Asker: 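What follows is a structure written as structure tokens; I'll ask about it next.
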Amino acid sequence: MKLWFLRDRLEDYRSVESLASVITRHLAISCIRSRRAGVVDIDELYDVKGDESTEMKIIREESLKEIFDAISALPDLQQSILRMKHVEGFEVEEIAAITGSNPGAVRVNLSRARKRIKQQFMPN
């Protein structure tokens, strides 16, 4: 998926295979970090505890659907950056390397994505 987002800039790299290896290595490192840091996997959010009431299950599922719908409505780059940061646990510098942009641009897109989602859930 990460290579797909870089498809327009692949000719800028000497070796696409090397780029794929670096991306894979970063994903593996992130996976290890997320296990240590306690980052919650998206699939775990859908797991429902047995002691939870049916009403709470429905509320949680509806809330998650609203969040995912809000994320899906973001522009592709903001969506990708937000997911890499908050779901996959990448650092800003890693996201910049993967997307081929600079850390400042990543921070701006991340801020804009967060702001748009916040506006959907807490309108003025």
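Both backbone and side-chain heavy atoms feed into the values below; hydrogens, waters and symmetry mates do not. Here the structure is a predicted model, which is why all the values come from computation and not from measurement.
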Asker: List for me each residue that meets salt bridge (Lys or Arg N to Asp or Glu O under 4.0 Å) alongside E66, sequence neighbours excluded, and say none if there are none.
Answerer: none
Asker: Could I get the full list of side-chain contact (heavy atoms from CB on, under 4.5 Å) partners for R14, not counting sequence neighbours?
Answerer: none
Asker: Quick one: salt bridge (charged side-chain N to carboxylate O under 4.0 Å, His left out) pairs with a partner in residues 72-85, sequence neighbours left out?
Answerer: none
Asker: Could you see if I98 belongs to whatever hydrophobic cluster contains L10? Use Ile, Leu, Val, Met, Phe, Trp, Tyr and a side-chain cutoff under 4.5 Å.
Answerer: yes
Asker: Listed by chain and number, what are the side-chain contact (heavy atoms from CB on, under 4.5 Å) partners of A70, not counting sequence neighbours?
Answerer: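 A70 satisfies side-chain contact (heavy atoms from CB on, under 4.5 Å) with I117, Q120, F121 only.
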Asker: Taking all heavy atoms of P103 and all of V92, pick out the closest pair and write down the distance.
Answerer: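 Smallest interatomic distance, heavy atoms only, reads O-CG1, 3.6 Å.
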Asker: D69: what forms a side-chain hydrogen bond (donor to acceptor under 3.5 Å, both in side chains) with it, not counting sequence neighbours?
Answerer: K65
Asker: How would you list, by chain and number, every residue that makes a side-chain hydrogen bond (donor to acceptor under 3.5 Å, both in side chains) with S18, sequence neighbours excluded?
Answerer: S15
Asker: Please name all residues satisfying side-chain hydrogen bond (donor to acceptor under 3.5 Å, both in side chains) with S101, sequence neighbours left out, ordered by chain then number.
Answerer: T99
Asker: Give a yes or no on whether the backbone of E91 and the side-chain of E94 come within a donor-acceptor separation of less than 3.5 Å.
Answerer: yes
Asker: With salt bridge (charged side-chain N to carboxylate O under 4.0 Å, His left out) as the rule and sequence neighbours excluded, what pairs involving residues 17-28 come up?
Answerer: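 For residues 17-28: none.
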Asker: For the residue pair L110 and R107, establish whether any side-chain heavy-atom pair is separated by less than 4.5 Å.
Answerer: no
Asker: Applying side-chain contact (heavy atoms from CB on, under 4.5 Å), run through L82 and N109 and close with a yes or a no.
Answerer: CA-CA 8 Å; L82 188 74; N109 276 299; over 6 Å; no
Asker: Applying the 4.5 Å side-chain criterion to the ILVMFWY set and letting contacts propagate, would V22 and M84 be lumped into a single cluster?
Answerer: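 Shared cluster, no.
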Asker: Using the side-chain hydrogen bond (donor to acceptor under 3.5 Å, both in side chains) criterion, which residues pair with R114? Sequence neighbours excluded.
Answerer: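 Testing R114 for side-chain hydrogen bond (donor to acceptor under 3.5 Å, both in side chains), a comparison that skips the adjacent residues, returns H86.
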Asker: Once rounded to the nearest 0.5 Å, what's the spacing between atom CD of Q79 and atom CD1 of I81?
Answerer: 11.0 Å
